[in-house]
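Each chain gets a letter, A, B and so on, in the order its sequence line appears, and its residues count up from 1. This structure is a prediction, so every number in the text was calculated from the model and none was measured.
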Amino acid sequence: MAIRQLPFEYAVRNLGRSRSRLAASLLGSTLVVLLVLASGGFVRGMQRTLVQADTLHENVILLGTGSEEALERSQIDAAVAGIAGASIPGIRQVGGVAFVSPEINIALPVRAEPDGEALNAVLRGVRPVALLVHPEVEIVEGRPPRAGEEELMVGGLAATRLGLPDERLAIGETLHFDGRDWTIVGRFRAPNTVMDAELWLPIIDLQVATRREATISSVVVSLAEGGRFADVDLFAKSRLDLELSAVRERDYYASLAAFYAPIRAMVIVTAVLIASGGILGGLNTTYAAFAARVREVGMLQALGYTRRAVVLSLGEESVLVAAAGAILGVGLGLLLLDGLAVRFSMGAFALTLDAPVVLAGLAGGLTVGVVGAIPPAVRCLRLPVAEALKAH
Amino acid sequence: MNRFSRLPRFPRLALAATLSAGLGLGLAACSGGSSGDDDTSAGGASDTAMAGRDVLLASMPADPVDIIAAKPALAEGETVALRGRIGGSRAPMTGESGVFILMDVSARYCPPEEGCPTPWDYCCTTPEARIAANATVQLVGTDGAPLAADFDALGLEPLDEVVVVGTVGPRPDAGVLVVRATGIYEVSGG
């Protein structure tokens with residue numbers, strides 16, 4: 001036999017009995033969802049920036065032996081780019097230009113003003129071919145910097161990395177390092193890559209600025225269709241005099257992602273702990289709300305509604321508020337958190353609220369509703385009907 | 001009159017609508033959301049032949065020479081039996097191209113008690129000393145064509161001491177010594 005259910009309207013209309021309690025429940029659920037979204041967006045954003053699963057080219061980095069985990073430490077002969085381009089088969093080419101990009105990666109203190117505070121910037125010295133090897137980089141304003149002109153271009157998240165307002169890195173503004181003013185002539189975007197937080201300038205200028213004319217950090221090569229990583233690796237192993245290691249670009253960044261795994265775990269654990277606090281707060285509110293309705297619950301049972309039907313109705317109330325809070329939280333999260341820039345030691349990344357994160361947020365909100373309703377409802381029903389009817 | 005009776009009446013459908021709106025919001029994001037883990041590695045299948053177990057020699061080749069002693073004098077095309085220890089890089093063996101790096105047996109690598117997780121990379125040796133003590137071994141067939149190799153199946157691993165037999169490849173620089181090897185004798189495991 002089917003259970004006789006309480007009407008849904010009963011649950012809905014009960015929500016209006018105390019508007020302050022309704023607001024508190026709604027706010028609690030919204031905050032829990034925002035917290036889940038913030039921590040999930042942090043983890044996904046950092047992961048996507050470092051893992052680079054959807055790079056357009058299969059790039060291989062030639063870097064110094066022993067520096068496989070830190071490009072900034074790598075120093076290789078500046079001639080490697082030419083030797084590699086001439087020796088490795090299967091390198092992508094367009095119009096006779098081989099996709100071989102010598103680069104310098106370095107973290108340097110730069111200043112917004114000559115006598116201002118030193119800001120830790122990530123700089124990359126490149127040749128024009130870097131724009132072919134890294135097709136994720138798109139110049140959105142201005143032009144690439146010219147060698148010898150003390151010019152640079154800035155990534156979309158460079159301002160976040162430097163802790164400066166975005167307009168401070170507008171075209172025509174200057175940054176100061178190596179005792180000189182460098183004019184910003186271009187702005188680029190490279191979403192979901194560490195490059196987005198970098199400052200790019202001609203490699204020759206960075207070689208002069210860092211007094212390393214004979215060495216560079218790495219050579220990045222793009223493989224053509226059918227090109228093999230093994231051929232680049234063979235080159236590195238055959239030219240032991242150059243002290244090179246070949247690493248797939250995405251493997252390099254994946255190893256960095258693994259390095260940051262404890263930080264991501266800490267963020268998740270913190271979020272779970274705070275969310276648990278939110279759920280406990282929700283429980284407290286619901287306990288108070290349901291405790292005041294013991295007589296009403298007794299009356300419902302006297303009218304013939306089973307305990308299960310009453311629990312279901314109380315659950316409906318709680319889940320309805322939580323679902324509304326979850327939707328509100330997701331809406332606010334997408335509005336306020338999605339794409340928010342966060343600074344970290346490798347540069348900066350944007351909080352990413354993609355489908356899994358949004359679903360986790362909704363699930364978190366609904367959990368508040370379900371977990372917050374059942375224990376108080378069960379406790380409320382523990383009293384025998386006769387005692388419940390006499391309760392104050 | 002009960003003040004709650006003034007509240008609007010909701011159909012049960014409202015709960016379903018509220019929940020589905022939330023779910024829909026999440027699912028809508030699915031379309032442009034997650035990035036796949038698709039493997040985009042270039043190259044595809046290689047048509048390089050695999051080295052069989054016949055590449056392993058049953059007996060020690062005659063008159064093996066050490067790398068440090070032989071490297072300065074060996075010339076392209078010379079036949080050599082070269083003794084060394086597999087290592088000299090964090091990943092000294094690449095099966096896909098049948099290549100590994102050898103270090104002179106006298107070169108010092110981090111002993112196990114130092115706790116170095118990759119002692120075979122000879123990280124405690126200076127670059128100059130490493131270049132003087134290393135050589136590249138590329139497995140080739142009897143026709144001289146490069147072979148791929150499953151080093152696990154051949155029972156070879158970093159820090160194994162081996163003697164390889166083959167001919168010396170081009171030497172564009174005194175620091176480069178590539179031996180195109182047709183046979184490997186394992187002297188001892190690492």
Minimal heavy-atom distance between B:A91 and A:K237, with the atoms involved, is O-NZ, 2.7 Å
Between B:A132 and chain A, which part of the residue has a heavy atom less than 4.5 Å away: side chain, backbone, both or neither?
neither
Looking only at heavy atoms, which two atoms of A:E243 and B:P127 are closest? And how far apart?
OE1-CB, 3.7 Å
Chain A contact via B:Q138 - side chain, backbone, both or neither, heavy atoms under 4.5 Å:
side chain
Given the options A:T352, A:L242, A:T65, A:D233, which has more heavy-atom pairs under 4.5 Å with chain B than any of the others?
A:D233
Atom pair CD/CG of A:E68 and B:D121 - distance to nearest 0.5 Å:
7.5 Å
What part of B:P92 gets within 4.5 angstrom of chain A, counting heavy atoms only: side chain, backbone, both, or neither?
backbone
When rounded to the nearest 0.5 angstrom, what distance separates OG in B:S97 from CZ in A:F229?
9.0 Å
When rounded to the nearest 0.5 angstrom, what distance separates CG in A:L240 from NZ in B:K71?
6.0 Å
Distance check, rounded to the nearest 0.5 Å: A:R239 atom CZ versus B:T136 atom OG1?
10.0 Å
I'd like to know whether CE of A:M299 has more than 12 heavy-atom contacts from other residues, nucleotides or ligands below 6.0 angstrom.
no
